[in-house]
There are 2 protein chains.
Amino acid sequence: MGPKLPSDSREKILQAAFAVLSREGYENTSIHDIAEEAGVAQGLVHYYFKSKQKLVLAVLFEVCQKMNVYTAEGTAGALAAFENFKVLLRTQPDAHSLYIQLMGVGLHDKEIGAGIRDNIRMERGHVEDLARQVLAERETDPSPSRAIASVVWAGVIGIMVQKSIDPEFNADEAVDALAAMALSAVYPSGQRA
Amino acid sequence: MGPKLPSDSREKILQAAFAVLSREGYENTSIHDIAEEAGVAQGLVHYYFKSKQKLVLAVLFEVCQKMNVYTAEGTAGALAAFENFKVLLRTQPDAHSLYIQLMGVGLHDKEIGAGIRDNIRMERGHVEDLARQVLAERETDPSPSRAIASVVWAGVIGIMVQKSIDPEFNADEAVDALAAMALSAVYPSGQRA
DNA sequence: CTCCTGTGATTGAATGACCAACCAAGTTTG
DNA sequence: CAAACTTGGTTGGTCATTCAATCACAGGAG
């Protein structure tokens, strides 16, 4: 028999919380349900996570880690990230569904809101870095990279939402169009008056 | 004393529900709170709206009406819509906040989900019509209009989300960039004005 | 080798609060 | 008067959190 790590139950609870939250939805999920899914007693959930809020915060952190798409740099990295996103849309619908829900919760829960906000800022920052690298490769003005990142990340969120809510939504087509628009906008031709 | 319209209380409840839901959040809002805000008895809420779900559905319909941005057609209509959206971001933060929350709720509530889904499809359809008009004005292939609409509406949702969650988000810059990308993408790739 | 004991892990029941929905009785209005 | 409207209390249930009690086990004492 392998050694019984003290964090074994903690991990089971975390996975169960993710499963129940994404399956049943935030407002339909009780600590009791999570404990049942994890196969432990209700009290143990509060032993490892002081409150429901802290547990959901830990789950949010877990979800964010499942959504990483950055595997390379420069133009190739940008193209790869869009491809990775298309794969994630197929393989991680639960994580996306839960993320969308926690966005809503975060609007009125200080801690969860801070978690979501930090995640969005970080992701937008990654996109901005990629945009700057692409612009540098083309030896053009790097100043629009922030605006581009705002739009690209908005598109990512919006595609996630439409895909989650509408099963008929053509996500691949949308991602391809977003990629084309983003990479053509990086050219200096898109200047505004 | 003015004449007491029978629909007066119903309207008061609807407005109160919008106010409390957007201020406190969905899972922190009870029928009791809404009745108190409206200045009526608890039972009256169930008299006019059979259930909490039906009430929220009516509020969702109300919210969607506050988010209309289409005032003209063709390229001018598209530009006007983006400008109207920028105004809405400043004037209707409550409606946007509530809409985002109901997106999350709709993922696990059949009726609210159907309401959100129909709204998204309709909005995307409006954008697609505008895109087709713009492409027609330019006498180019209208086939990419669906993909463009998917990306533009994704951008709209994503900008709403980022603006609601992050007070420091520069929404005007993002909308301008989205407009520029959308209107330049309408050109067939390779041609530049 | 056995017993003892302290500590963290785990249990399940109790607490106190809250809520959606229902209802029976009152009020207004046409 | 009858129908629509309004009231506020009741009901049956759920929930997060707390807590006292039990368990597993490691390691020191005898």
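In what follows, chains are A, B, ... by sequence order, proteins preceding strands, each numbered from 1.
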Value in whole Å for how far the C1' atom of D/dC19 lies from CD of A/Gln42: 13 Å
Sugar-phosphate, base or nothing in reach of A/Leu44, heavy atoms under 4.0 Å: base
Between B/Gln42 and B/Tyr47, a side-chain donor and acceptor under 3.5 Å: no
Spacing of A/Asn28 atom CG relative to D/dG13 atom C1', expressed in whole Å: 15 Å
Short side-chain N/O contact from B/Tyr48 to OP1 or OP2 of D/dT6, under 4.0 Å: yes
Closest-nucleotide ordering on DNA chain D, the 5'-leading residue of A/Lys52 and B/Tyr47: B/Tyr47
Separation of D/dG8 C1' from B/Ile31 CD1 (nearest whole Å): 15 Å
Distance below 4.0 Å between B/His32 side-chain N/O and C/dC19 OP1 or OP2: no
Polar contact flag, side-chain donor to acceptor under 3.5 angstrom, A/Ser97-A/Asp94: no
Between C1' of D/dT10 and NE2 of B/His46, the distance in whole Å: 14 Å
Integer-rounded Å distance: C/dT11 P and A/Glu36 CD: 13 Å
Rounded distance in Å - CD (B/Glu11) to P (D/dT6): 13 Å
Test salt bridge (Lys or Arg N to Asp or Glu O under 4.0 Å) applied to B/Glu168 and A/Arg117, A/Arg121, A/Arg124, the passing residue: A/Arg121
Presence of A/Ser9 side-chain N/O under 4.0 Å of C/dA9 phosphate oxygens OP1/OP2: no
Axial cation check for A/Tyr99 ring with A/Lys66, 6.0 Å and 45° limits: no
Interatomic distance where CG belongs to B/Asp33 and P belongs to C/dC19 [whole Å]: 6 Å
Spacing of B/Glu27 atom CD relative to D/dA16 atom C1', expressed in whole Å: 14 Å
